Asks: 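Structure in structure tokens, see below.
Bear in mind that the values here come from a model prediction, so they are computed numbers and not experimental data. Side-chain atoms are counted along with the backbone in the values below, which use heavy atoms only and exclude waters and symmetry mates.
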Amino acid sequence: MEIDLSLVDWSRAQFALTAIFHWLFVPLTLGLGVIMSIMETIYHRTGDLKWKRTAKFWMKIFGINFAIGVASGIILEFEFGTNWSNYSFFVGDIFGAPLAIEGIFAFFMEATFIAVMFFGWDRVSKRFHLASTWLVTIGATLSALWILVANAWMQYPVGMAFNPDTVRNEMVDFWAVALSPVAINKFFHAVLSGWTLGAAVTLGISSWFLLKKRERVFAIDSIKVASVVGIAGIVLSMITGDGSAHQVALTQPMKLAAMEGLYEGEEGAGLVAVGVLNPQKEYGNDEDPFLFDIKLPKMLSFFATRSLNGYVPGINNLIEGGYPLPDGSEALSTEEKMQRGKAANFALMDYRAAKKENNTAAMTEAKERLDENFSHFGYSYFTDHAETIPNVPMVFYSFRVMVILGGYFLALFILVGILSWKKRFADIKWLQWVVLLSIPLAYICSEAGWIVAEVGRQPWAIQDILPVQAAVSKIETSSVAVTFFIFLALFIVLLIAELSIMFKQIAAGPEPVVNTKK
Amino acid sequence: MELNYLFYQHYWWFIVSLLGAILVFMLFVQGGQSLTYSLGKNEKQLGMIIRSLSRKWELTFTTLVTFGGAFFASFPLFYSTSFGGAYWVWILILFSFVLQAVSYEYIYKKGNLLGKGTYRVFLMINGLLGPILIGAAVSTFFTGADFIVNKDNISDSLMPVISTWQNAWHGLEAVANPWNVVFGLAVFFLARCLASLYFINNIDDADIRTGARRQLLYNTIGFLVCFLPYLVFLLTKTGYTEDPSTQIINIEHYKYLHTLLQMPALLVVLLVGVLLVLAGILLTLFKKAFIKGIWFAGFGTVLTALVIFLLAGFNHSVYYPSIADMQSSLTITNSSSSLFTLKTMSIVSLFIPFVVAYIWYAWAQLDKRKIKIDDTDEDY
């Protein structure tokens, strides 16, 4: 029985739904974790109870988001097995290790010390409590580290070798996996974007208190801390974002071409600052890719190759090949890659047949063919070149939304930071409204970044090695469709409940505290 | 098979078994949730019960996640075969744990949309489904599942999935085997016994302690009625064994009894575990002032469950028998990660005692003061 393509689509939809839902909560906990930890540190150093009160308020907001982040996180872990079982087998030897390390190092740290953070104010010393709060934040960040290492490996599979005896990829260099440039950029970019979102939410809620003429001291103190975290977060996000884009150019050129709507490659390519894609444009037709666009000359070449005149391939070039690669060789066409993928596949079949017959010479010969062609193994599952092109409009527009909003938050945080430092922000109502209304924009920016990363790497589950149609579980499409709608209903209810609780908690404001510890 | 590789495969089966055993102990949280309405007769008592459990649920949850992660990393073929095949069982387990996680955080929050009662029902659902389904899933380590593994499928571009389930029930068919249900119920009653012992230790309230002692008696009877026949079934059952030289899987009568006799250390640990469980229960039932039964029974549960997991995988046993194709069955040698990955993770596993130590320390700090009726709900 063949794999039904609608099964692949439903499985992708279910995973995307869960990942998008999960990422509503995780970045806030990453950013808010740092903010509340700094606040408690100030309380610890000064002994001023207003900082304890401030920290406790943001901890409650943290807790509401943390629980639902944990709940949606376990769904993702399970879905690797339930919906992507072939993937789990094919690369579990590499992908599973970061997940296990995440559990041992990060999850237990978070689970243990969050209980101390919430229930330990009157039960443990101030020092131990502060340490627990920081350990919760560190645990959340470590958790992000290992899952992002795993994700980066899917986008840039390194440190592994294919074993035809076990028919799977196996890890041969742990540090190549953990410290790949893609992983490092991805980790810092994702975590620092979490700081940005955490700061945007803190600033927005604090502005609401100022607009309501409530809790002025609490709001101003929160703004001071959040604006510093926000500026650090967005500046470093931009630096690591540039690093990530450069890595995409090196390792996933098709994703970069989709991000730019670039069909015909060129030297000295311009970066599209603003543009409207032509909906009629498809690979293979002569339509202009854009209805309208404004380009920054040579900037795409600079960001992609670190040279103003560097060559950036477009979608057509990536399909047709023949352009020069940085190492001086000539790029293969997709057709040639598909042939090599099929050659690898035949070699694997020959190897296994020879092994059953105990024919050592044939095994050696097949293994040589396999090794020669394995880097294109995943192309053996395609029948059409166009299958290798991701959804260009979704990637193109998401990238622009992320970048434009990133620039907006840089300007906003700097403005709020300066006015806060000059003690004027608390009196500028229009700006408080702007900051408050910017909260949803931070979420849109954050989700847009993940859409670029994940839709842009389609159709690959693992770049060049395993496309999504070869990664799924063999289950009935109807089963996945049913669970999709169950999760959709669950997520909607949980999101409404979460927002309702958040709004009540915010409206109630910080509670009065008394110092019960020495 | 390289000796070094065999060592690491056994080491990781031990680690996974230990995590599984700790998970069985930590299911006392689920047991407690299922006892909520039996022990909490008014809002104050219900509040104390939820507050007591809310300090521990994350550790159970984390143990489950780490158990899954460690299984994935060390035996990926099991993860892909079982999760991708027994789809509905894992989805139900998952669903019930998601409800649990959210319920603890939201139950006492203003504006929680669904109301306190609904979140208590969610906790009850997790308290019932969690132990029974996890118990039934573990039982399939001995009773088998309906799958076929064919690694050559990877070369078939139209149907490349290597592990395929052979029926459309996708795991729900496990309840058709009564022994899976019996083991699920045994785990359920054990979780309720442990929860009763935990409440007696953790909540300073005479009514709840009296109720918990009563529940301890009832659930101990339930546990013994399910567990003892299952133990007899297990020790007399025909199992599968792998020939280490050919990797061919054969039938072996009294497989698990043989393993216990050939590995007397397991037998000793099993007996010590069972005795500790009984000691924890009996001392609590017969000595009114005794509140430390959870430590005896908890440690005993870990030892007993550890032996059951080890019985499934050690001594060349098949730990996930295929009832569709015997040679597709999974053993710790044919389903493990590579030697390199197992070695790498073994280095990481050396940190586990450190993790256990800080959990113990933090737990002790929080539990220095018992839960009392006049505690406020401030922390919620």
Asks: Contact part of Asn153(B) toward chain A, heavy-atom cut-off under 4.5 Å: side chain, backbone, both or neither?
Replies: neither
Asks: How many angstroms lie between atom CG of Leu494(A) and atom CD of Glu105(B), to the nearest 0.5 angstrom?
Replies: 12.5 Å
Asks: Go through the atoms of Phe503(A) and report whether side chain, backbone, both or neither lie under 4.5 Å from a heavy atom of chain B.
Replies: neither
Asks: Is the ring centre of Phe83(B) less than 6.0 Å from the ring centre of Phe80(A)?
Replies: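 No; Phe80(A) has its ring centre 6.0 Å or more from that of Phe83(B).
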Asks: Below 4.5 Å from any heavy atom of chain B, which atoms of Met109(A) appear? Answer side chain, backbone, both or neither.
Replies: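 Contact with chain B: backbone and side chain both.
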Asks: Using the rule given for side-chain contact (heavy atoms from CB on, under 4.5 Å), can you reason through Thr483(A) versus Phe95(B), listing the C-alpha separation, both sets of side-chain angles and the distance that settles it, and then say yes or no?
Replies: CA-CA 10 Å; Thr483(A) 51; Phe95(B) 199 74; over 6 Å; no
Asks: Given heavy-atom pairs under 4.5 angstrom as the criterion, report whether the side chain, backbone, both or neither of Val172(A) touches chain B.
Replies: backbone
Asks: Given that the side chain runs from C-beta out, which part of Phe487(A) has a heavy atom under 4.5 Å from chain B: side chain, backbone, both or neither?
Replies: side chain
Asks: Tyr381(A) versus Leu158(B): any side-chain heavy-atom pair under 4.5 Å?
Replies: no
Asks: Please rank Thr383(A), Leu99(A), Asp173(A) by heavy-atom pairs under 4.5 Å with chain B and give me the top one.
Replies: Asp173(A)
Asks: To the nearest 0.5 Å, how far apart are CG in Leu348(A) and CG in Asp152(B)?
Replies: 7.5 Å
Asks: If you count heavy-atom pairs under 4.5 Å with chain B, which of Ser88(A), Gly92(A), Gly103(A) comes out on top?
Replies: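 The residue among Ser88(A), Gly92(A), Gly103(A) with the greatest pair count is Ser88(A).
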Asks: Considering only heavy atoms, which portion of Asn163(A) lies under 4.5 Å from any heavy atom of chain B: side chain, backbone, both, or neither?
Replies: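 Neither part; nothing is under 4.5 Å.
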Asks: Show the nearest heavy-atom pair for residues Pro160(B) and Ala470(A), with the distance to one decimal.
Replies: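 Where Pro160(B) meets Ala470(A) most closely, the heavy atoms are CG-CA, 3.6 Å.
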Asks: Once rounded to the nearest 0.5 Å, what's the spacing between atom CZ of Phe97(B) and atom CD1 of Ile74(A)?
Replies: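 That separation rounds to 7.0 Å.
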Asks: Most heavy-atom pairs under 4.5 angstrom with chain A, which of Val102(B), Leu77(B), Ile162(B)?
Replies: Ile162(B)
Asks: Can you confirm whether Asp93(A) sits close enough to Phe340(B) that some side-chain heavy atom of one is under 4.5 Å from a side-chain heavy atom of the other?
Replies: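 No; the side chains remain at least 4.5 Å from each other.
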Asks: Which heavy atom of Ala362(B) sits nearest a heavy atom of Phe113(A), and at what distance?
Replies: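 Closest pair (atom of Ala362(B), atom of Phe113(A), distance): CB-CE2, 4.5 Å.
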Asks: Please walk me through it: do Gln365(B) and Phe128(A) pass side-chain contact (heavy atoms from CB on, under 4.5 Å)?
Replies: CA-CA 10 Å; Gln365(B) 292 292 313; Phe128(A) 184 45; 3.8 Å; yes
Asks: Contact between Arg352(A) and Ile154(B) at the side-chain level, heavy atoms closer than 4.5 Å - yes or no?
Replies: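 The answer is no, as the side chains (C-beta and beyond) never meet within the 4.5 Å cut-off.
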Asks: Dump the intermediate steps for side-chain contact (heavy atoms from CB on, under 4.5 Å) on Lys504(A) and Lys109(B), then the final yes or no.
Replies: CA-CA 9 Å; Lys504(A) 291 268 183 192; Lys109(B) 291 276 193 317; over 6 Å; no
Asks: Sort Ile114(A) into side chain, backbone, both or neither according to what part of it lies under 4.5 angstrom from a heavy atom of chain B.
Replies: side chain
Asks: Taking Ala353(A), Gly81(A), Ala71(A), Ala100(A) one by one, which has the highest count of heavy-atom pairs under 4.5 Å against chain B?
Replies: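 The answer is Gly81(A).
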Asks: Could you walk me through whether Ser80(B) and Tyr87(A) pass the side chain to side chain donor-acceptor pair (under 3.5 Å) test, one step at a time?
Replies: CA-CA 8 Å; Ser80(B) 63; Tyr87(A) 162 88; over 6 Å; no
Asks: So, do Phe72(B) and Phe78(A) have ring centers that fall under 6.0 Å from each other?
Replies: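 For Phe72(B) and Phe78(A), the ring centres are not under 6.0 Å apart.
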Asks: Select one option (side chain, backbone, both, neither) describing which atoms of Ala168(B) are under 4.5 Å from chain A's heavy atoms.
Replies: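 Both parts, backbone and side chain.
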Asks: So does Glu170(A) get a backbone contact from the side chain of Ser338(B), meaning a donor-acceptor N/O pair under 3.5 Å?
Replies: no
Asks: How long is the straight-line distance from OG of Ser54(B) back to CZ of Phe119(A), given to the nearest 0.5 Å?
Replies: 4.0 Å
Asks: Does a sphere of radius 6.0 Å around CZ in Phe346(A) hold more than 12 heavy atoms from other residues, nucleotides or ligands, not counting ones at 6.0 Å or beyond?
Replies: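 For Phe346(A), atom CZ is not crowded (no more than 12 foreign heavy atoms under 6.0 Å).
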Asks: Decide yes or no for Tyr87(B) and Val480(A): does some side-chain heavy atom of the first lie under 4.5 Å from some side-chain heavy atom of the second?
Replies: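 Contact flag for Tyr87(B)/Val480(A) side chains = yes.
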Asks: Is any side-chain heavy atom of Trp88(B) closer than 4.5 Å to a side-chain heavy atom of Thr82(A)?
Replies: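 No, too far: nothing below the 4.5 Å cut-off.
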Asks: With only heavy atoms counted, which part of Trp90(B) is less than 4.5 Å from chain A, the side chain, the backbone, both or neither?
Replies: both
Asks: Which residue pairs satisfy the side-chain hydrogen bond (donor to acceptor under 3.5 Å, both in side chains) criterion with at least one member in residues 100-120 of chain A, sequence neighbours excluded?
Replies: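 Found Glu102(A)-Ser143(A).
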Asks: Report the option among Phe351(B), Phe75(B), Phe67(B) that has the most heavy-atom pairs separated by less than 4.5 Å from atoms of chain A.
Replies: Phe351(B)
Asks: Find the distance between CD1 (Ile352(B)) and CD1 (Ile104(A)) and round it off to the nearest 0.5 Å.
Replies: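 Those atoms lie 4.0 Å apart.
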Asks: Should we count OH of Tyr358(B) as having more than 12 external heavy atoms under 6.0 Å?
Replies: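 Yes - once you tally the heavy atoms of other residues, nucleotides and ligands closer than 6.0 Å, there are more than 12.
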Asks: How close do Ile475(A) and Gly84(B) get, counting heavy atoms only, and between which atoms?
Replies: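 For Ile475(A) and Gly84(B), the tightest heavy-atom pair comes out as CG2-O, 3.5 Å.
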Asks: Quick one, Ile75(A) with Leu94(B), criterion side-chain contact (heavy atoms from CB on, under 4.5 Å). Give me CA distance, side-chain angles, the key distance, then yes/no.
Replies: CA-CA 7 Å; Ile75(A) 303 175; Leu94(B) 172 66; 3.9 Å; yes
Asks: Hey, what do you get for OG1 (Thr344(B)) to CD1 (Ile101(A)), rounding to the nearest 0.5 Å?
Replies: 8.0 Å
Asks: Against chain A, work out which of Thr63(B), Ile93(B), Thr341(B), Leu113(B) has the most heavy-atom pairs shorter than 4.5 Å and name it.
Replies: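 If we count pairs closer than 4.5 Å to chain A, Thr341(B) comes out on top.
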Asks: Are any of the side-chain heavy atoms of Phe61(B) and Phe107(A) separated by less than 4.5 Å?
Replies: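 No. Closest side-chain heavy atoms not under 4.5 Å.
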Asks: Heavy atoms only: give me the nearest Arg168(A)-Ser337(B) pair and the separation to one decimal.
Replies: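 Closest pair (atom of Arg168(A), atom of Ser337(B), distance): NH2-C, 3.2 Å.
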Asks: Among Lys56(B), Met345(B), Glu58(B), who wins on heavy-atom pairs under 4.5 Å with chain A?
Replies: Glu58(B)
Asks: At a heavy-atom separation under 4.5 Å, does Ser479(A) approach chain B through its side chain, its backbone, both, or neither?
Replies: both
Asks: Return the option, out of Gly69(B), Ala73(B), Pro76(B), Ser155(B), with the maximum number of heavy-atom pairs under 4.5 Å with chain A.
Replies: Ser155(B)
Asks: Given heavy-atom pairs under 4.5 angstrom as the criterion, report whether the side chain, backbone, both or neither of Leu99(B) touches chain A.
Replies: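 Leu99(B) touches chain A through side-chain heavy atoms alone.
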Asks: Are there over 12 heavy-atom neighbours, none belonging to Trp363(B), within less than 6.0 Å of that residue's CH2?
Replies: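 For Trp363(B), atom CH2 is crowded (more than 12 foreign heavy atoms under 6.0 Å).
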Asks: Is the shortest heavy-atom distance from the side chain of Val70(A) to the side chain of Val65(B) under 4.5 Å?
Replies: no
Asks: Looking at Ala101(B) and Ala67(A), what are the two nearest heavy atoms and their distance?
Replies: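 So the two residues come closest at O-CB, 4.1 Å.
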Asks: Is the shortest side-chain heavy-atom distance between Tyr106(B) and Ile68(A) below 4.5 Å?
Replies: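 They are in side-chain contact.
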Asks: Identify which part of Leu499(A) has an atom lying under 4.5 Å from any heavy atom of chain B, answering side chain, backbone, both or neither.
Replies: neither
Asks: What heavy-atom pair brings Ala497(A) and Asn112(B) nearest, and what distance separates the two atoms?
Replies: CB-O, 3.8 Å
Asks: Under a 4.5 Å heavy-atom cut-off, does chain A meet the side chain of Val98(B), its backbone, both or neither?
Replies: both
